[in-house]
S.K.: 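Pasting a structure here, questions to come.
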Amino acid sequence: MASGFTGESSHEVEVKMVAAHRAYVASLTTREGDGAVDLFGDGRSFKKVQRKAKGDALALPNSRVDVHYTGWVVNSGLIDDKLLATRKIPFDSSRDRAPLSFVVRAGQVILGWDVGVATMAVGEKAFFLLHPDHAYGQRGAPPVIPPNSFLLFEVELLDVRPANATLLTTPQIIAGIFVLLITLYYVVFRGGSGGGPSADDEPPPPPSSSEL
């Protein structure tokens with residue numbers, strides 16, 4: 001199917017977008033000392049890969065991603081053993097709850113995440129060291145993040161899909177199966193009588209992740 005006024009198919013457009021995105025990621029410079037990627041080209045916020053991606057599924061702009069993360073307030077510096085040793089108790093982590101889901105480059109998360117996650121592919125795990133201007137800035141996020149704080153995040157990209165795609169969560173699936181079994185019971189064994197679940201019955205909402 002042709003796309004827009006270009007006469008190109010949607011597949012051709014997607015191929016060009018992926019190629020352009022790969023070129024952009026490859027163009028990012030690295031700094032001496034720790035080999036971290038300069039996310040904004042201004043020497044203030046950096047990304048260092050811990051584990052390489054398992055495939056080619058890129059977190060393209062306007063795609064929906066699922067990530068696990070842990071965040072710490074740190075001093076600025078190289079992403080090395082010295083910095084990692086200064087980490088205290090995390091101010092937040094998704095590891096004990098559901099992954100965080102958001103749309104890339106849609107302003108749903110802090111700027112350092114919007115740019116940093118857009119350089120990742122599924123299966124990749126990386127550290128982001130973010131300048132306050134690319135995080136919570138002069139205001140911070142009291143009481144856990146003081147004003148003008150440098151933040152270190154460990155981010156793992158779990159999944160990428162179109163922004164308009166929806167996936168059922170495990171609680172929704174379990175609730176749906178339960179409703180189906182009850183409905184079948186009333187239909188088969190009670191002849192449809194007895195006031196089974198009505199059309200207004202809905203499964204419980206899925207657990208929500210805290211916003212960054």
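The first residue in the sequence is number 1, and the count goes up from there.
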S.K.: Ignoring hydrogens, what is the shortest heavy-atom contact between Ala59 and His21? Give both atom names and the distance.
M.R.: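 Looking at all heavy atoms of both residues, the closest pair is O-NE2, 4.0 Å.
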S.K.: Decide if the gap between the ring center of Phe91 and the ring center of Trp72 is smaller than 6.0 angstrom.
M.R.: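 No, the ring of Phe91 stays outside the 6.0 Å limit from the ring of Trp72, centre to centre.
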S.K.: Can you tell if the side chain of Gln138 reaches within under 4.5 Å of the side chain of Pro132, non-hydrogen atoms only?
M.R.: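 Sidechains of Pro132 and Gln138: no contact.
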S.K.: Grab the two heavy atoms, one from Val103 and one from Gln108, that are nearest each other, plus how far apart they are.
M.R.: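 Scanning both residues, the minimum pair turns out to be N-OE1, 2.8 Å.
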S.K.: Could you tell me whether a side-chain N or O of Arg51 sits under 3.5 Å from a main-chain N or O of Gly123, the two making a donor and an acceptor?
M.R.: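 Checked: pair present.
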S.K.: Tell me the ring pair (Phe, Tyr, Trp, His ring centres under 6.0 Å) pairs involving residues 41-64, sequence neighbours left out?
M.R.: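 Applying ring pair (Phe, Tyr, Trp, His ring centres under 6.0 Å) to every pair that reaches into residues 41-64, excluding sequence neighbours, yields nothing.
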S.K.: Might you confirm whether atom CG of Asp42 has over 12 heavy atoms from other residues, nucleotides or ligands at distances under 6.0 Å?
M.R.: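 Result for CG/Asp42: enclosed.
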S.K.: Same cluster or not: Leu152 versus Leu100, using hydrophobic residues (I, L, V, M, F, W, Y) connected whenever any side-chain heavy atoms lie under 4.5 Å apart?
M.R.: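 They do not share one cluster, since no chain of ILVMFWY contacts under 4.5 Å joins Leu152 to Leu100.
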S.K.: Determine, stepwise, if the pair Asn148 / His131 fulfils side-chain contact (heavy atoms from CB on, under 4.5 Å).
M.R.: CA-CA 8 Å; Asn148 296 311; His131 186 277; over 6 Å; no
S.K.: Within the distance-only criterion (no hydrogens, no angle test), does the side chain of Arg22 pair as donor or acceptor with the backbone N or O of Ala19 below 3.5 angstrom?
M.R.: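 Side chain of Arg22 to backbone of Ala19: no pair is present.
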S.K.: Would Leu151 end up clustered with Phe127 when hydrophobic side chains under 4.5 Å apart are linked, directly or stepwise?
M.R.: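 Per the 4.5 Å side-chain linkage, Leu151 and Phe127 are not co-clustered.
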S.K.: Does atom CZ of Arg31 have more than 12 heavy-atom neighbours from other groups under 6.0 Å away?
M.R.: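 Atom CZ in Arg31 is packed in, count exceeds 12.
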S.K.: When you group the ILVMFWY residues by side-chain heavy-atom contacts below 4.5 Å and let the links chain together, are Val160 and Tyr24 in the same group?
M.R.: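 Cluster IDs for Tyr24 and Val160 match.
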S.K.: Output all residues satisfying salt bridge (Lys or Arg N to Asp or Glu O under 4.0 Å) with Asp133, sequence neighbours left out; order by chain, then residue number.
M.R.: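 Salt bridge (Lys or Arg N to Asp or Glu O under 4.0 Å) check on Asp133 returns Arg44.
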S.K.: Working to the nearest 0.5 angstrom, can you tell me the gap between Met17 CE and Leu58 CG?
M.R.: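 One finds 10.5 Å between CE of Met17 and CG of Leu58.
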S.K.: Any side-chain heavy atom of Val65 within less than 4.5 Å of one from Phe102?
M.R.: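 Answer yes - side chains close enough.
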S.K.: Check the hydrophobic clustering (I, L, V, M, F, W, Y; side-chain heavy atoms under 4.5 Å; chains of links allowed) and say if Val104 and Leu130 are grouped together.
M.R.: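 In one cluster: yes.
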S.K.: Going by atom types alone, do Tyr69 and Asp92 pair a side-chain donor with an acceptor below 3.5 Å?
M.R.: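 Judged by distance alone, the side chains do pair up.
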S.K.: Output, in order, the C-alpha distance, side-chain angles, deciding distance and verdict of side chain to side chain donor-acceptor pair (under 3.5 Å) for Arg161 and Ser63.
M.R.: CA-CA 6 Å; Arg161 59 190 183 276; Ser63 60; over 6 Å; no
S.K.: With a 4.5 Å heavy-atom cut-off, do Val18 and Leu60 have their side chains touching?
M.R.: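 Yes. Closest side-chain heavy atoms under 4.5 Å.
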S.K.: Run Asp38 and Leu28 through side-chain contact (heavy atoms from CB on, under 4.5 Å) and show every step you take.
M.R.: CA-CA 6 Å; Asp38 188 345; Leu28 298 175; over 6 Å; no
S.K.: How many angstroms lie between CG in Asp34 and NZ in Lys48, if you round to the nearest 0.5 Å?
M.R.: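 Atom-to-atom, Asp34:CG and Lys48:NZ are 5.0 Å apart.
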S.K.: Could you list the residues that satisfy salt bridge (Lys or Arg N to Asp or Glu O under 4.0 Å) with Arg95, not counting sequence neighbours?
M.R.: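 Result, salt bridge (Lys or Arg N to Asp or Glu O under 4.0 Å) vs Arg95: Glu156.
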S.K.: Could you go step by step and tell me if Asn75 and Phe150 meet the side-chain contact (heavy atoms from CB on, under 4.5 Å) rule?
M.R.: CA-CA 6 Å; Asn75 295 319; Phe150 282 84; over 6 Å; no
S.K.: What verdict does the side-chain contact (heavy atoms from CB on, under 4.5 Å) test give for Lys54 and Val122, after you've listed the backbone C-alpha separation in whole Å, the side-chain angles of each residue and the deciding distance to 0.1 Å?
M.R.: CA-CA 6 Å; Lys54 298 178 180 179; Val122 171; 6.0 Å; no
S.K.: Report the residue from Ser149, Pro143, Pro142, Pro147 that forms a side-chain contact (heavy atoms from CB on, under 4.5 Å) with Ile145.
M.R.: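 Among Ser149, Pro143, Pro142, Pro147, the one that satisfies the side-chain contact (heavy atoms from CB on, under 4.5 Å) with Ile145 is Ser149.
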S.K.: Output yes when Lys47 and Glu124 qualify as a salt bridge under the 4.0 Å nitrogen-oxygen rule, no when they do not.
M.R.: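 Looking at Lys47 and Glu124, the cut-off is met.
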S.K.: Could you see if Ile79 belongs to whatever hydrophobic cluster contains Val73? Use Ile, Leu, Val, Met, Phe, Trp, Tyr and a side-chain cutoff under 4.5 Å.
M.R.: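 Cluster IDs for Ile79 and Val73 differ.
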S.K.: Hey, are the side chains of Leu129 and Leu78 touching, using non-hydrogen atoms and a 4.5 Å cut-off?
M.R.: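 SC-SC contact between Leu129 and Leu78 ruled out.
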S.K.: Do you know the tightest heavy-atom contact between Val74 and Leu83?
M.R.: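 Heavy atoms of Val74 and Leu83 come nearest at CB-CD1, 3.9 Å.
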S.K.: Verify, without hydrogens or angle tests, whether Asp66 (side chain) and Pro99 (backbone) share a donor-acceptor contact under 3.5 angstrom.
M.R.: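 Absent.
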S.K.: Judged by modelled atom types alone, do His134 and Ser45 share a side-chain donor-acceptor pair under 3.5 Å?
M.R.: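 Side chains of His134 and Ser45: pair found under 3.5 Å.
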